[in-house]
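All figures in this text were calculated on a predicted structure; none of them were measured in a lab.
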Amino acid sequence: MRVTKKLLLGSVVVTAALALAACAPSAEPSGESTDGAGPEEVTVGIVTSESGPLAGYGKQYLDGFEAGLDYATDGTNEIDGTTITIENRDDAGDPDKAVTAVKELIGEGVNIIAGTASSGVALAVAEQAEQNKVLYISGPAAADAITGINDYTFRSGRQSAQDVATAGTFLDDIEGKTVTVFAQDNAFGQGNVAAVEAILGGKGATVNAVLVAEDATEFTPFAQQVLAGNPDLVFVAWAGATSGAMWQAMSQQGVLDDIPVVTGLGDSATFGAYGEASEKINFLNHYFPGAPDNDVNTAMVKAIEDAGGTPDLFSPDGFNAAIMIVQAIKEGKGDVDAMVSALEGFEFDGPKGAMTVRASDHALLQEMYQAKLVAKDGTFVPELVDTVSADDVAPAEAE
């Protein structure tokens, strides 16, 4: 059963909704059969980054989506007589550009939208989905605020709360332990501090933070500050060009030798970015091709490689999205409310194994991984340390 989420939008949304009313899709999609069998064709709008700073993530998602659609439809791109047509739009990581693309798609009668690696884009598209009553399945975008934002929005990847909960599994018992968040003093870093306080602090940990100015170039004093706090675990949330210098300081000051240090393992392009610290860091991980061992993952990896691509961090998010869309069309016959109902509580096997769409808030429950980087043939490659169960990292239900 669906729950009614809190109304987060004000008069600006009402105005925008009125402006879009003329281009909202009709209750019955174009081409729908009159015998109850569903539409002859459904167009799905994929809005994600094909250019801009997140273009690499967009490619991973699109490669996974193509493989997933082929897998879920046995290579036919149709389900129960309904042909699935895909229309791609580039959001370039820009919410305004994404909203423009979504409005155009909705004006053309599209009532299923999927995609994006940008949380800002996903939140903006989710707003459009609610205003216009269309189904939206966000992609790699990790912001926790996407979960439970409205009845029409789902996700095909993990969220930040699952990352943070995975970090906590590197300690046998989090209660009574001290966790230091080492991060840049910006919205990203502060958001991670808040998440660790809420999730690991909620399990009994004492959480403190060492925040570093974004323009800092010397990190030795901050590494020493981390050591002085004598934490049981250090959670690092860092992005940008100073990452290499930061990790070097952490290694040289002995932080990585004395304390378990955890950070997220990104896509394959980042595996060489940690320098001498590489084999000393504990990594939480969403996905790398060698982590899961199941037939679906094998099929996805083969399909992407056969097409000339490389399976990577966000490939499963595209693959999952395709499976979810096929399920929605199969059960919902193009009707948005019926498609939403078809996804609530949906359980399926994805590349990461068993997946569950939580009915109450549309969180996607899934396993996560502990990993390490090891030197091999002059580079670094990830190895699986442990698989963390979906229940152990399930986010709190959105209200």
Side-chain angles (χ1 to χ4, degrees), residues 44 46-73 75 77 84 86 88 90-91 93 114-119 121-122 137-142 146 154-160 162-163 166 264-271 283-327 348-355 357 364-369 371 373 380-384 387-388 390:
V44 178
I46 304 296
V47 181
T48 195
S49 290
E50 297 182 60
S51 64
L54 302 179
Y57 295 161
K59 179 171 176 18
Q60 294 168 26
Y61 174 89
L62 291 170
D63 287 349
F65 184 88
E66 183 176 346
L69 187 60
D70 186 77
Y71 176 87
T73 63
N77 277 26
I84 303 172
I86 307 301
N88 292 335
D90 179 16
D91 65 33
T116 204
S118 164
S119 292
V121 168
I137 303 173
S138 77
I146 297 165
F154 294 77
R155 66 191 322 146
S156 64
R158 98 298 183 212
Q159 63 188 79
S160 294
Q162 288 159 311
D163 287 342
T166 304
L265 182 64
D267 63 348
S268 57
T270 69
F271 292 169
F283 291 99
L284 65 91
N285 177 251
H286 166 50
Y287 173 83
F288 65 90
D293 181 13
N294 61 70
D295 292 342
V296 181
N297 185 57
T298 299
M300 182 189 75
V301 169
K302 183 178 187 303
I304 292 174
E305 290 179 344
D306 286 352
T310 302
D312 213 327
L313 181 66
F314 295 126
S315 303
D317 299 28
F319 199 96
N320 291 339
I323 292 175
M324 294 170 70
I325 287 167
V326 169
Q327 165 71 3
F348 64 97
D349 290 329
K352 293 179 65 176
M355 315 290 286
V357 180
L364 188 61
L365 308 183
Q366 60 197 279
E367 295 178 341
M368 296 287 285
Y369 306 109
L373 286 175
F380 287 97
V381 296
E383 283 190 0
L384 181 66
T387 298
V388 184

About how many Å separate CG of Asp267 and OH of Tyr57, when rounded to the nearest 0.5 Å?
-> 5.0 Å

Does Asn88 reach the side chain of Thr48, with side-chain heavy atoms less than 4.5 Å apart?
-> no

Closest non-hydrogen atoms of Ala114 and Tyr61, given as atom of the first, atom of the second and distance, are CB-OH, 3.6 Å

Over all heavy atoms of both residues, which pair between Val301 and Pro311 is shortest? Give the atoms and the distance, please.
-> CG1-CG, 3.9 Å

What's the spacing between Thr387 OG1 and Lys352 NZ if we round to 0.5 Å?
-> 10.0 Å

Does Ser138 offer a backbone N or O that forms a donor-acceptor pair with the side chain of Ser156 under 3.5 Å?
-> yes

For the residue pair Val296 and Asn294, what are the closest heavy atoms and their distance?
-> N-OD1, 3.0 Å

Of all the heavy-atom pairs spanning Gly266 and Phe271, show the shortest one and how long it is.
-> O-CE2, 3.5 Å

CD/Glu66 to CE/Met300 distance, rounded to the nearest 0.5 angstrom?
-> 13.0 Å

Quick check: does any side chain N or O of Gln162 sit under 3.5 Å from a backbone N or O of Gln159, one acting as donor and the other as acceptor?
-> yes

Approximate separation, where rounding is to 0.5 Å, of Ile46 CD1 and Ile137 CD1 = 8.5 Å

Does the side chain of Phe288 come within less than 4.5 Å of Ser268's, by heavy atoms?
-> no

Going from CG on Leu313 to CD on Gln60, what distance comes out if it is rounded to the nearest 0.5 angstrom?
-> 6.0 Å

Interatomic distance, Asp349 atom CG to Asp295 atom CG [nearest 0.5 angstrom] | 9.5 Å

Within the side chain of Ser118, is there an N or O that forms a donor-acceptor pair under 3.5 Å with the backbone of Val121?
-> yes

Is Ser160 reaching over with its side chain to a backbone N or O of Ala142, donor-acceptor style, under 3.5 angstrom?
-> yes

Side-chain touch Phe348/Met324, heavy atoms, less than 4.5 angstrom | yes

Shortest non-hydrogen contact from Pro382 to Leu265?
-> CB-CD2, 3.8 Å

Indicate yes or no for a side-chain donor-acceptor contact from Asn320 to the backbone of Gly350 under 3.5 Å, with no hydrogens or angles considered.
-> no

Pairwise side-chain contact, Ile323 with Met355, heavy-atom cut-off 4.5 Å (strictly under) = no

Phe154 vs Leu364 side-chain heavy atoms within contact, under 4.5 Å | no

Backbone N or O of Asp317 within a donor-acceptor pair of the Arg155 side chain at under 3.5 Å?
-> no

By side-chain hydrogen bond (donor to acceptor under 3.5 Å, both in side chains) - contacts of Asp90 (at least two apart) | Ser51

Side chain Ser49, main chain Gly93, donor-acceptor under 3.5 Å = yes

Which residues satisfy the salt bridge (Lys or Arg N to Asp or Glu O under 4.0 Å) test with Asp293, sequence neighbours excluded?
-> none

Determine whether more than 12 heavy atoms belonging to other residues, nucleotides or ligands lie under 6.0 Å from atom CD of Glu367.
-> yes

Return the orientation label for the Phe314 and His286 ring planes: parallel under 30°, perpendicular over 60°, tilted otherwise.
-> tilted

Ala371 to Asn285 - nearest heavy-atom pair and separation | CB-CB, 4.4 Å

Sub-4.5 Å side-chain heavy-atom contact between Thr116 and Val47 = no

Does any non-hydrogen side-chain atom of Ile304 lie less than 4.5 Å from one of Phe319?
-> no

